[in-house]
Amino acid sequence: MSEIAKESTEEKSLNFIEQIIEEDIRTGKHEGRVLTRFPPEPNGYLHIGHAKSICLNFGVAQKYGGGTNLRFDDTNPVTEDTEYVESIKNDVQWLGFQWVNEFYASDYFDNLYAFAIDLIKKGLAYVDESTSEQIASLKGTPTEPGTNSPYRDRGVEENLDLFERMKNGEFPEGSRTLRAKIDMAAPNMIMRDPIIYRIKFAHHHRTDDKWCIYPMYDFAHGQSDSIEQITHSICTLEFIPHRDLYDWCIDKLEIFPSKQYEFARLNLTYTVMSKRKLLQLVNEGHVTGWDDPRMPTISGLRRRGYTPESIREFCDRIGIARRDNLIDVSLLEFCVREHLNKIAQRRMVVLDPLKVVITNFPEDTVELCLSENNPEDPNGGMREVPFSREVYIEREDFMENPPKKFFRLAVGQMVRLKSAYIIRCDEAIKDEAENIIELRCSYIENSKSGNDTSGINVKGTLHWVSVSEALPIEIRQYDRLFKVEDLASAEGDFKDHINPNSLEVITGYAEPSLKEATVDTKIQFVRKGYFCLDTDATSDKLIFNRTVGLKDTWGKVAGK
RNA sequence: UGGUGGAUGGUGUAAUGGUAACACAGAAGAUUUUGGUUCUUUUAUUCAGGGUUCGAGUCCUUGUCCGCCAACCA
């Protein structure tokens, strides 16, 4: 980051979390210490919404001289897996963040069990033998209070015994739960004697078969924060009602007082952002996997060609607040273009070829043209691009009956072939069906790029590829996965709105230097967009993903 | 409608009782060997009513609309 950029961030107004932290530092809370945590459940891949949370959690900690723990919230063995753990760690690091400690809620199962016993001893928890249906019906509704369970007033000794036997596996799954004894008439439904432990004879990815009882989120999260002495536990808005219980547990257990703060999660236009829905897209084959380049997952964006810098910039620009939001996906695209424009290597690739024969250029001659790798980077250097009598240009760069401001090729019109010569179109050759199959052009001999003494000024510059040297490549062009802007308020199932044309695969013709591309190389196909080598590519078959197209003001004009 | 959180241009975010601003998107123009980039210019905003105040997006009040909460999910 440059000094100027650093200064401008410092001058930026604080978001409400930063204001709270600065106030806490000012008043000496926790001796000014700041420790946050990022707490993913390992039951899916991270997405751009998690990136917002990661940037917030790691970002504020970094800003105020603190740190962040990575803590896997693995209290439900049924849905969780180590595959997810690995992908999550990889994604966080790829985004550019490093945690202080790698922890697991399951590391605290012994502590949590002891906390439960403490609660029982304090007369604040009891073993309930009601079925889940009974528990639900006794819970009441938002407008009516609940009813006490018949098991609510068991003695401490009986509860202790029963809970231990639950732990020992003496009772079948679902037959008993441990409930906090709070208030069945509480206006906050969460506080109506919440279940804090349940029986699950499931294999846990870390504790194996040691446990057959597992704590619920509400009995694990706050205590885990407390054990780690997290100062600011940042989560999303839907956890607001849980804060009462978070505080209740910490209060009754008399443990370190971590505090929960909530911000609004990210929503993106034309995108779904729930792990459940993303998993469904994967499982039902609407995409090829969690890292399909159309997915809003970190791994999908990475494969698509997004950079960590651009995602961080995006998260910075969208801000942090407490109101629901729906961010225009064009802001994400703006951020990636902004970064890629600075770093991408320029290369010429024709996506929809039209052959041009330069009739006054000698046959069997290949002339090398020097072309800049990146006009934004003075040290980017040059490369050689072969030029010959036959080249491909983009079919859309020629028009038989051009409109007034068409600066490209038409019979009688001149254009520059980028980094090469100015050519004039003399004739368009058609087949029997009147399709244009070839252009006959002549080049202006003294117009070569760099040594142009022709004095001719042309309005248009086209990218091109020499036919004999052209390298065929597969190009995957992506469109938005969904057809509607706001999936949350769209009618019907979200899958009804899948865009059937979200992937278009074509063959393009590339200048030879594209052979050297690696998965990490960011490339701009001149005048077309930003692309990167796909992980499916082999040395025999080059495959490129379109990260994002270039801003296309002509397309807009022509489309009118 | 029980609780709870929220409402500022098309979309986000700021303004912390004192000129409603910044970015994206949109529009117009200049530059350009990428119709890209860059640079100008520009359209458009405080949910509604009442109140406090010299002064209200901000405080009070009434209402409207939106989100979330009745999983042995997180």
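Below, chain A is the first sequence line, B the second, and so on; all start at residue 1.
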Inset, instruction - Name the nucleic acid region contacted by A:Glu262, choosing base, sugar-phosphate or nothing; use a 4.0 angstrom heavy-atom cut-off, strictly under. - result: nothing
Inset, instruction - Please work out if A:Lys418 contacts a base, only the sugar-phosphate, or nothing of the nucleic acid, heavy-atom cut-off 4.0 Å. - result: base
Ignoring hydrogens and angles, are the base of [N] and the side chain of [X] linked by a donor-acceptor pair under 3.5 Å?
{"X": "A:Arg408", "N": "B:G35", "answer": "yes"}
{"X": "A:Glu372", "N": "B:U33", "answer": "no"}
{"X": "A:Arg346", "N": "B:U34", "answer": "yes"}
{"X": "A:Thr143", "N": "B:U1", "answer": "no"}
{"X": "A:Arg527", "N": "B:U34", "answer": "no"}

Given [options], which nucleotide is nearest the side-chain atoms of [X]?
{"X": "A:Asp328", "options": "B:U11, B:U37, B:A74", "result": "B:U11"}
{"X": "A:Arg323", "options": "B:U13, B:C73, B:U34", "result": "B:U13"}
{"X": "A:Met189", "options": "B:C24, B:C69, B:A14", "result": "B:C69"}

Legend entry - A:Phe407 CZ - B:U31 C1' separation (whole Å): 13 Å
Inset, instruction - Would you kindly say whether A:Asp74 and A:Ser106 are connected by a side-chain donor-acceptor distance under 3.5 Å? - result: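 Judged by distance alone, the side chains do pair up.
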Inset, instruction - Could you tell me whether A:Lys275 and A:Glu80 make a salt bridge, using a distance below 4.0 angstrom between a side-chain N and a carboxylate O? - result: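 No.
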Legend entry - A:Glu445 atom CD, neighbour heavy-atom count above 12 within 6.0 Å: no
Inset, instruction - May I ask you to check whether A:Phe525 and A:Phe544 place their ring centers less than 6.0 Å from one another? - result: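 When the ring centroids of A:Phe525 and A:Phe544 are compared, they turn out to be within the sub-6.0 Å range.
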